[in-house]
Amino acid sequence: MTRKSYKLNAPEPQGTSELLENLNPVQAEAASLVDGPLLILAGAGSGKTRVMTHRIAYLIRECGVWPEQILAMTFTNKACAEMRERVDEILGDDGLDEARRVTISTFHSLGARLLRIYARDLGLSSDFVIYDDVDQMALIKRLMEDDDRDKDRSEARRLRGFIERMKNRGLTPEQAHEEVYDSNTENDVHFYELYQSALREANCVDFGDLLLGLLQVLRNDPKTAKSLSNQYRYVMVDEFQDTNPAQYELLKHLTREHNNLAVVGDDDQAIYRWRGATVANILGFEKDFPNARVVKLEQNYRSTQTILDAANDVIELNTQRRPKKLWTDNVGGEKIRCFTASDDREEAAYVAREITAYSAESVPFGEMAVFYRTNAQGRAFEEQLRFAQIPYRVVGGTSFYAREEIKDVLAYLKVALNPRNEVDLLRVLNKPTRGVGKTSIDRLRIAGASTSIWSAIEAVAHGGQQQSLEFLEAAKLRGKSKTGVVDFYEVVREVQAMLDEGQELAVVVSELLDRIHYLDWLQSHDAERAEDRTRNVGELVNAIMEFERESDLEGLDVLRAFLDRSSLVQATDDLGSGAVTLMTVHGSKGLEFDVVFLAGMEDEIFPSVRTEDPEELDEERRLAYVAITRARKELVITNAKRRRIFGQYRPTTPSRFVLDIDPERLHVDSASTSSHVDYVRGAGSYGFRRQLMSPDNSMWDYDQTTPMTRGAVRRAIQSQKNVDEFSQVAPDADEPVFDVSAWDQEPEPSHSGDDGLHGRTVSHATFGEGKIMKVSGTGPKAVLTIQFPGTGEKRVVRKYVKVL
DNA sequence: CTTTGAACTCTTTTT
DNA sequence: GAGTTCAAAG
């Protein structure tokens with residue numbers, strides 16, 4: 001990569017730039033302090049994204065910095081997309097596409113991208129595959145068996161946790177060894193070592209490796225570090241309070257040539273300690289970067305005074321924090337509404353009812369959100385919102401790409417790309433069932449012990465040609481298990497062949513599905529869920545097609561890029577849509593909504609049961625602070641007197657965080673089954689109250705006869721009128737839906753915008769000649785539905801066929 | 001080898 | 001209450 005003219009020293013800002021006109025003086029200062037280390041302490045809602053985006057624009061416009069020289073790190077892909085969009089807006093459309101040229105990335109995406117380039121330095125080939133946590137667990141369990149440890153699930157989880165912690169701290173197994181202080185840890189480190197070499201053998205990396213691997217490259221090869229640092233002349237980091245030591249070290253490497261590191265963060269919003277993040281990074285920033293300048297953003301532009309006060313009531317009880325006070329011009333505001341339901345279902349029903357009511361008062365669905373502490377709580381809300389015909393989208397939870405059927409299909413592709421990848425290989429070797437059971441798998445593993453399972457499979461498939469030990473061992477397979485293994489081998493080879501030919505990815509997948517009768521298998525194997533799963537597989541094909549069409553990559557690179565994306569991006573990462581957002585509090589970080597419902601505010605839910613020491617409680621408190629400060633206009637806090645946990649009802653107590661809020665700011669919805677008169681302010685009172693509580697849950701003051709308020713009734717009635725306008729939940733209605741059922745049907749002719757292609761005969765590398773039945777889109781990337789005699793109907797992108 | 005059913009366990013939070 | 005694991009029958 002050659003950059004001829006680096007701006008080595010960007011000029012100090014001269015006077016005012018019109019770019020900064022829309023910022024307040026402190027924001028403007030933060031955006032224009034361009035050189036050297038900078039710490040921006042940005043309270044909730046103080047416009048930090050605004051500052052960062054303007055800063056990027058300022059660098060480009062006023063300081064003559066090339067977009068390619070700017071690196072901005074965020075925590076989620078969602079945040080990346082938003083930042084890019086906003087930079088684009090500020091810069092305006094001048095045809096230079098500057099926003100696109102800035103590197104805006106998550107740490108992990110950057111890691112994946114750079115590791116593809118430097119894979120060799122780590123003994124990986126660039127075909128390496130990324131393991132998600134399910135794959136990781138599969139590998140760990142297998143290794144535990146080999147290492148004959150107790151094959152205990154919780155032990156496996158513990159080991160995964162250990163490995164993850166090591167990687168978060170940037171420690172390789174060798175480095176971890178030096179830290180060992182007892183024999184148990186010694187043992188764990190040994191396992192870490194084992195795990196790491198298994199990953200390398202399989203030519204795979206896990207999530208932590210995306211960072212640790214990159215770190216290793218930078219540590220071992222100063223030249224690479226230097227050139228990267230020179231390329232990224234200006235580095236910015238969002239949510240700096242949530243960086244872990246590995247990420248921090250990475251930043252140091254990347255900025256060592258210039259020290260131009262601007263970090264934005266808020267210690268009150270640090271919520272990823274459990275993931276290895278340490279506030280030490282933000283608290284000690286000035287120590288590591290002695291000449292760092294510090295800017296504090298304390299004016300809140302988001303919430304009402306009431307909401308801000310409530311948030312402050314909660315957070316001020318934390319002891320370990322940089323003192324700061326947020327203020328706003330936005331005085332007053334509605335009181336925070338509290339509602340206590342009799343159980344979790346009623347809680348959800350209440351929220352649904354209120355959403356309808358707000359909607360009737362013309363709050364758009366997209367401006368409302370429901371937050372909860374754990375993903376499991378989301379289901380109740382899904383049910384009730386669906387029932388109330390409210391459009392919603394669930395963010396987080398099981399990601400699309402983590403679903404079984406999706407992982408299955410992708411596993412075939414991953415094996416085709418990298419057959420040494422044993423986790424994926426074992427995942428689909430007998431899926432759909434081919435008669436290859438545990439015994440056969442064990443034999444293959446023994447046969448391939450010195451090489452790989454794949455080579456043992458190859459040996460079986462190639463029959464008596466080879467006389468190696470592997471072959472002898474593997475040759476014990478006979479009958480159904482042998483034909484099964486051979487069949488699997490052939491499937492993978494066929495996929496590889498199609499990929500080698502440069503066949504379109506979506507076609508490869510369709511062929512694969514046909515070849516292994518995957519959809520039939522889904523149907524016979526688990527009829528109940530088959531419909532959903534079939535649709536998901538169809539959506540996967542759609543996503544692949546879409547990706548391929550938009551991608552400017554060629555050949556196998558498309559597949560690699562798609563697979564990387566599937567491991568790094570949540571399918572729900574896209575923003576926008578007129579639907580109510582359902583998500584965990586963690587997921588809400590960085591977002592804002594007019595109306596926020598904060599549900600399940602009960603002790604042992606929020607704060608979580610698993611909170612043990614005071615530091616963890618502090619973190620829960622910060623989490624509550626984050627939740628509250630997401631709300632612009634109104635906040636509704638709900639809880640339930642009893643809740644189903646482990647499938648049975650258990651009594652609850654109100655969250656101490658609600659008790660911490662000055663009752664002055666609360667308005668108890670009298671439709672509640674409890675009057676909340678018990679809500680007394682003060683953290684100190686909590687422990688005391690808890691002692692007082694009798695086992696029969698007398699904390700809650702039963703008062704079930706209270707009628708709904710007139711306001712609530714009014715809203716409920718109003719809402720009835722509006723219900724019909726909203727269709728059944730269709731979160732991604734504008735996405736093209738791949739109609740799987742159409743695969744077996746007769747093609748239906750169509751003439752929409754077909755460039756005159758309709759009915760023409762085409763020739764395709766694999767399928768031969770066929771007739772175009774349907775055209776959607778125009779140009780080389782249009783999707784053609786083609787009837788191939790002998791093969792049947794296929795959808796193919798225009799550029800892959802020749803029109804005869 | 002595969003399927004079935006009963007027993008058993010686990011629940012934070014996510015890139 | 002859901003997902004996983006284990007044993008026994010097909």
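Values below: every heavy atom of this structure, side chains too, minus hydrogens, waters and symmetry copies. Letters A, B, ... are given to chains in the order of the sequence lines, protein chains preceding strands, and every chain is numbered from 1.
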Applying ring-ring contact (aromatic ring centres under 6.0 Å, His included), can you list everything that pairs with A:H253, at least two apart in sequence or on another chain? none

Take a 6.0 Å sphere around CZ of A:R345 and say whether it holds more than 12 heavy atoms from other residues, nucleotides or ligands. no

So is the aromatic ring of A:W274 stacked onto the base of B:dT13, judging by whether the centres are under 5.5 Å apart and the planes are under 30° apart? yes

With under 30° as parallel and over 60° as perpendicular, where do the rings of A:F606 and A:F657 fit, or are they tilted in between? perpendicular

Just wondering, more than 12 heavy atoms not from A:R650 lying within 6.0 Å of its CZ? no

Map A:S481 and A:I271 onto DNA chain B by nearest heavy atom, then report which one ends up closer to the 5' terminus. A:S481

Side chain of A:T374 - closest among B:dT15, B:dT13, B:dT11: B:dT13

Sequence neighbours excluded, every pair satisfying salt bridge (Lys or Arg N to Asp or Glu O under 4.0 Å) that has a member inside residues 105-118 of chain A: A:R116-A:D564

Sugar-phosphate, base or nothing in reach of A:Y272, heavy atoms under 4.0 Å: sugar-phosphate

Whole-Å distance separating the CZ atom of A:F488 from the C1' atom of B:dC1: 18 Å

Answer with base, sugar-phosphate or nothing: what part of the nucleic acid does A:V436 contact at a heavy-atom distance below 4.0 Å? sugar-phosphate

Between B:dT15, B:dT11, B:dT14, spot the one nearest the side chain of A:F207, thanks. B:dT15

In whole angstroms, how far is the P atom of B:dT14 from the CG atom of A:L568? 16 Å

Where each pair must be Watson-Crick or G-U wobble with both distances under 3.5 Å, what dot-bracket representation of DNA chain B is obtained, with crossing pairs in [ ] and other-strand partners as |? ||||||||||.....

Picking from A:D206, A:T172, A:N244, what satisfies side chain to side chain donor-acceptor pair (under 3.5 Å) with A:K167? A:D206

Atom CZ of A:R403 and atom C1' of C:dA2 are separated, to the nearest Å, by 16 Å

Any donor-acceptor pair under 3.5 Å joining the side chain of A:R373 to the base of B:dT13? yes

As a test of reading the structure: which of B:dT12, B:dT15, B:dT13 is closest to the side chain of A:H586, going by heavy atoms? B:dT13

I'd like the P distance from B:dT13 over to C:dT4, given in whole Å. 16 Å

Quickly, which of A:K431, A:R535, A:R533, A:R427 forms a salt bridge (charged side-chain N to carboxylate O under 4.0 Å, His left out) with A:E405? Name it, please. A:R533

Compare the minimum distances between each of B:dT2, B:dT15, C:dA2 and the side chain of A:R379, then state the nucleotide with the smallest one. C:dA2

For B:dT13, does either OP1 or OP2 sit under 4.0 Å from a side-chain N or O belonging to A:N375? yes

Select one nucleotide: of B:dT15, B:dT11, B:dT3, the one nearest the side-chain heavy atoms of A:T433. B:dT3

Can you check the A:I605 CD1 to B:dT13 P distance for me, whole Å? 11 Å

Hey, does the side chain of A:S567 come within less than 4.0 Å of B:dT15's phosphate (OP1/OP2), counting only N and O? no

Between protein and nucleic acid, restricted to nucleotides 5-10 of chain B and to nitrogen or oxygen atoms under 3.5 Å apart, what atom pairs and distances do you find?
none

Integer-rounded Å distance: B:dT15 C1' and A:E239 CD: 13 Å

Contacts of A:F562 meeting ring-ring contact (aromatic ring centres under 6.0 Å, His included) (sequence neighbours excluded), chain-then-number -> A:F547

Taking OP1 and OP2 of C:dT5, is either one under 4.0 Å from a side-chain nitrogen or oxygen of A:K438? no

If you check the A:R529 side chain, which of B:dT14, C:dG3, B:dT15 turns out closest? C:dG3

In whole angstroms, the gap separating P of C:dG1 from CZ of A:R643 amounts to 14 Å

Round to the nearest Å and state the distance from A:R160 atom CZ to B:dT15 atom P. 14 Å

So, does A:T439 get its side chain near the phosphate of B:dC1, meaning an N or O under 4.0 Å from OP1 or OP2? yes

Determine, stepwise, if the pair A:W521 / A:H517 fulfils ring-ring contact (aromatic ring centres under 6.0 Å, His included). CA-CA 6 Å; A:W521 180 74; A:H517 302 109; over 10 Å; no

Hey, which of these two, A:G437 or A:E164, hits DNA chain B nearer its 5' end, going by closest nucleotide? A:G437

State whether the number of non-hydrogen atoms from other residues, nucleotides or ligands found under 6.0 Å of A:E490 atom CD is greater than 12. yes

With a non-hydrogen cut-off below 4.0 angstrom, is A:N430 in contact with a base, only sugar-phosphate, or nothing? sugar-phosphate

Should A:N168 be listed as having a side-chain N or O under 4.0 Å from OP1 or OP2 of B:dT15? no

Starting at atom CD of A:E155, determine the distance to atom P of C:dT5, rounded to an integer number of angstrom. 15 Å

Going by ring-ring contact (aromatic ring centres under 6.0 Å, His included), name the residues that satisfy it together with A:F381, two or more places apart in sequence or in a different chain. none

